[in-house]
Structure formats: C-alpha cells, structure tokens
2 protein chains.
Amino acid sequence: MRDEIEFLAGYDPGSYPAVAVTVDVVALTVRDGQLCVLLVERGEQPFAGRRALPGGFVRDESLDAAALRELAEETGLRPGEGPLARVHLEQLQTYGDPGRDPRMRVFSVAYLAFAPSLPDPRAGSDAANAYWTPIERATGLAFDHDAIVADGLDRARAKLEYTPLATAFVGGEFTISELRAVYAAVWGEDLHAGNFHRKVLSVPGFVESTGETAARGGERGGPKAKLYRAGDAQLLHPALLRPTREDGVR
Amino acid sequence: MRDEIEFLAGYDPGSYPAVAVTVDVVALTVRDGQLCVLLVERGEQPFAGRRALPGGFVRDESLDAAALRELAEETGLRPGEGPLARVHLEQLQTYGDPGRDPRMRVFSVAYLAFAPSLPDPRAGSDAANAYWTPIERATGLAFDHDAIVADGLDRARAKLEYTPLATAFVGGEFTISELRAVYAAVWGEDLHAGNFHRKVLSVPGFVESTGETAARGGERGGPKAKLYRAGDAQLLHPALLRPTREDGVR
DNA sequence: TAAATAGTGTCTATGAGACACTATACA
DNA sequence: TGTATAGTGTCTCATAGACACTATTTA
C-alpha cells in the first residue's frame, strides 16, 4: 500500500474513476446424473437476453456473505436453512481485466458452490429467471463468464480428488453408488464400482456408516445398499485420483 | 448482476460509499536455506511503523499486471527482465471484510510469488524500505496481512507437492540438492537425500539434464553434482507428497 | 585423512486397478 | 426368471520409504 500518501492527499470521491466489486457464483449440482450450473437470464444491457452467472454488488457484508446471499436470492431458498444448509461455498478467483464490463471497471470475486440437488428455481417467484443448465451447454455466457465457469469446473474436478466435498452434492444420507454417480458426473467418466466402493471405505474419515440400509434396491434390480453420511475428514488421504488424465500434462 | 437495474438508475459517483481495490503480494524466496517473505515498512497511518505486504492500488491494468508492477517496484528490479523473468506469480485470494481497513472499504486481491534468491532490496533507492524476512518472523503485520501470509504459505506448501514450481525458487540451472533444499525450506522438514533424488528424476518432465556438472562439490565435501533445468511438465505425476502431514487432517 | 555429499541398489509395505465372483433385489 | 447392482476376494504392478553402500570431493 505504498500509494497511500498520494491516495490520502489527493482523495476526492469524484476524481477517481469509479470501480465496483461484485460477486458471481458458479453453483454446481448434480441432477439426474448430469452436472449442472445455475444460470440467470439477463434483462438489461449489456448482454440483454444472454445468460450469465448469478451475482451482484457487494454490500456492507463480507465477500462470503455476499456470495451466500446471492445464491439464496437466485434459488429462492433461505440461507443457512434447509437445502442451503448443506451447501459448500468457497472463493474461486477474482476477475478484473479492464474492459470486462463495458460500462465501468468492475472486479468480480467469483465463488464456487457445491449443492445437493435443489428444487428448480422456476417454482419460486423472485428467482423466476434462474435455472439449472447442464454444464456442457453453459456456453456463450455474458461478460467473461464462460471462462469463470471453466475455472470453476477445473477447481471442482480437482477438489473431488483430495477433499471429501463430493458429499456436499448428495443428501445427508447416501449410498456409495450415489457418491460414485457424483464423481462420474463431475469428472465426466465412469468409475469401476467395486474398486470405488473399497477405496471410499478405506479412506479414514471420508464416510461413516449410519447403520441403516436404503429402503429400496436399484431401479433395475440389485440389493439394498447401506447408507452413509459424511465423515469428519477435511482431506482425503490417500486421495482419489482421476484415472484418465494425461500423465504429466505438458 | 441482478442489481444492475437499481445500480444504473440510481448511480451517482458520490452517493455510493467509495470502494478501492488493491493488490498485495506474498513474495517468497529461499535465502540461505530459509524461506523468506518480502515485507515493507509502513510510513503512514494507519499502522505506521508496522510491517506490511508490498502492494498498492490497481490502476488501468489487469490484476496480474498490477501484482507484477508492485513486485518490481518493491524489489527495485525491472519486470520481465533478469531475476524477475523467472518469477512465478499467481492469484491467491481476495480479502474484503468490512473494517479490514479502517479508512474505507478496501478489497485486496492477494498474489503469491515464487522468486529465486533476489538481491537485497535495500541496495536499491526506490525500494529502500523493503526487505526479506524469514517467514516465521513475519508476524504482527498491518491489516489482515498475517492471515494472508498464512494462506500464501499453505498454498505454496501444497503447490510444491503436485507442480514443478519448486524450480521457480532456484536459478536456471540447479542441482538436485539445491532443489531438495527448496522443499526442505518451504515444508520446514528435511527430506531423505537418496529417495528424493530418485523420485525427482522419475517424474516425467520435472527436470531435464543439462549434461553439465557443477564446478565445485559441496561446501563441506562431496562429489560434483550434475546440473538440471526445469522440464516441460505442468503437473507432477506422481506427486511428491509431504511426509509428515497428519493423516486425514480432521 | 576425516567427513560430508552424490548417486545407486535393494527390500518391504501400501495402494491402484483389473478381473472374477457371490448374493440380493427389481421387473 | 433374467438382469442389474452391492459388495468382496484376489492378483499384479507401481510407488513410497527405509536402509545400505560406493564413489567423489573438500577442509
């Protein structure tokens, strides 16, 4: 902050170019085996009619609080309650290139959210123009939001490897198969059922048994699966590494 | 950006509380086997006389460019040339809690830099109040900079595991021992020389041989080591995992 | 000559992944 | 009754780490 001298001496609210700070949220969920992202339709210029990430200006609140507030507004749910109580929110990155917003200098602090399958926001009134979109169809977004979604997807894929955050995509109780479906949806590739099962149970603190069993078996047959809930691990050790990433990534 | 309607309708430069965006850089280097961070001494209130991270207001430039500019100014070096040509810069996180700066709302985009051992900035004129400090003595900093340094250290430690960025701390040509010294300094623990040696050479693209041999052996004896330069890998596979982290980190 | 270091050899324990197999439940 | 799934057993290969050892260089 070595520019403070000049800053304090010459400060005048009108003399500096106005800057704004927003949060934009890359909210991910898995619906019907597909990884989906929450998008809103823009009504105003610029980019009117285009889809964009939900977001808005930061008020007198922390950045984390602003992200949670925006997510709650766009899903029509109440922060900290019900489905949103299990949401994982983390800061992704800040985007601030000059010209990324044609009106003025806007810095956007992007957040990444992992949510269990939420009710469709169309049902709500305030969030009527928000909806879940399969991530591969989330292209052509307003501003630089295509790049933000891509960065969020990269982060999400990596985080599933070494953290237990896949459990944030499922309900409070889940089967190993449901957890495997999350990995398959986020990574975009199937995993070997038997090896995945053994692996998940072998990682200390990843999941813990509830002692219960699912009420029904699989939709097309198969035994009733045991139920688990998230364990107390913050990191997976050893990690679940993605199978088909190119070695070395040159 | 759903608040744009109200934003555009009611916008008046003076009517909104002023916000500012700065970059602060956690610049790390290894000097004499110690991990050091670049700090500056503040001359102005608030926190006058306290140490802080180098940083300043973002101008009409990208965030990355602002971080590189600040780093160049505080080290007295020219961006993109000489020692700074090998610096690795990446965005760390953005800090924006209300009240983190007592004067106004300031959002700070923190950056993390890995630099080879640089000349002491005291020598320069413009950067006379900047100096490298062993990271364990970098406490009691201004603002929330203690927390930023801690977050940067966590990130740096993790990045050495799965990226070849340790090579950003050494010169263009280096021995395996020098690379091991970087790991030891950043992780704060010694590594087994023989196993480290074999491991580094076994990871595809981590380092490549120059064919040359160091001019001298070790300071206290030992054969002349072969020289290597950074390879073309972007990720280490398999990764070099830290030995003594607690399993699971509950 | 003593001590420290570069680099290699070898052994063991662990984990990833392939494959096979059973038991169970749904249509 | 056929088929899909839950969960387990087993084998192989790659890797981490412990330990030992030789060769080389400096003080």
Side-chain angles (χ1 to χ4, degrees), chain A residues 33 160-162 170 173-184 187 189-207 209-228 233 235-245 247-248, chain B residues 33 160-162 170 173-184 187 189-204 206-207 209-228 235-245 247-248:
Chain A
L160 288 208
E161 290 193 321
Y162 57 92
V170 293
E173 300 196 343
F174 51 87
T175 67
I176 303 293
S177 285
E178 288 168 354
L179 196 61
R180 178 162 47 85
V182 168
Y183 276 90
W187 285 350
E189 54 192 323
D190 288 330
L191 287 92
H192 181 104
N195 288 340
F196 181 85
H197 193 105
R198 185 165 356 99
K199 171 78 190 182
V200 166
L201 295 186
S202 78
V203 176
F206 191 0
V207 300
S209 174
T210 66
E212 305 291 310
T213 299
R216 280 185 44 91
E219 294 181 18
R220 296 187 296 246
K224 293 170 182 166
K226 293 178 189 166
L227 289 173
Y228 298 84
L235 288 173
L236 301 185
H237 191 68
L240 275 102
L241 298 179
R242 272 169 282 183
T244 58
R245 52 141 167 241
D247 263 17
Chain B
L160 288 208
E161 289 194 320
Y162 58 92
V170 292
E173 301 196 342
F174 50 87
T175 67
I176 303 293
S177 284
E178 287 168 354
L179 197 61
R180 178 162 48 85
V182 169
Y183 276 89
W187 285 350
E189 53 193 322
D190 287 330
L191 287 91
H192 185 282
N195 289 339
F196 181 86
H197 192 104
R198 184 162 0 94
K199 170 79 188 182
V200 166
L201 294 186
S202 78
V203 176
F206 190 2
V207 299
S209 174
T210 66
E212 305 292 309
T213 297
R216 279 184 45 90
E219 295 181 18
R220 295 186 298 246
K224 293 170 181 165
K226 293 179 188 164
L227 289 172
Y228 298 84
L235 288 174
L236 301 185
H237 190 71
L240 276 100
L241 299 180
R242 272 170 281 183
T244 59
R245 52 140 164 244
D247 263 17

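Letters go in sequence order (proteins before strands), and every chain restarts at 1.
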Fill in the blank from the handout: Note: L236(B) and Y183(B) closest approach over all heavy atoms is CD1-OH, 4.0 Å

Figure out the [atom1]/[atom2] separation between [X] and [N], and round it to whole Å.
| X | N | atom1 | atom2 | answer |
| --- | --- | --- | --- | --- |
| L236(B) | dA14(D) | CG | P | 20 Å |
| L201(A) | dG15(C) | CG | C1' | 15 Å |
| L179(B) | dT5(C) | CG | C1' | 16 Å |
| D190(B) | dA18(D) | CG | P | 13 Å |
| F196(A) | dT8(D) | CZ | P | 14 Å |
| E178(B) | dT5(C) | CD | P | 14 Å |

Could you tell me the separation between the [atom1] atom of [X] and the [atom2] atom of [Y], rounded to the nearest 0.5 Å?
| X | Y | atom1 | atom2 | result |
| --- | --- | --- | --- | --- |
| L235(A) | F206(A) | CG | CZ | 11.5 Å |
| W187(A) | L240(A) | CH2 | CG | 5.5 Å |
| E212(B) | K226(B) | CD | NZ | 12.5 Å |

Handout entry: S177(A): side-chain contact (heavy atoms from CB on, under 4.5 Å) partners, not counting sequence neighbours
Key = T175(A), R180(A)

Handout entry: N or O in side chain of H197(A) less than 4.0 angstrom from dA6(D) OP1/OP2
Key = no

Practice task
Scan A214(B) against the nucleic acid and name what it touches under 4.0 Å (heavy atoms): base, sugar-phosphate only, or nothing.
Solution key: nothing

Exercise for the section: Go along nucleotides 17-27 of chain C 5' to 3' and tag each nucleotide: B for a protein heavy atom under 4.0 Å from its base, S when only backbone or sugar atoms are that close, - otherwise. Expected result: BBB----BBBS

Exercise for the section: Check each of V207(A), V182(A), L227(A) against F174(A) using the side chain to side chain contact (heavy atoms under 4.5 Å, CB included) test, and report the only one that passes. Expected result: V207(A)

Practice task
Just compare dT5(D), dA6(C), dT15(D) and give me whichever is closest to any side-chain atom of P238(B).
Solution key: dT15(D)

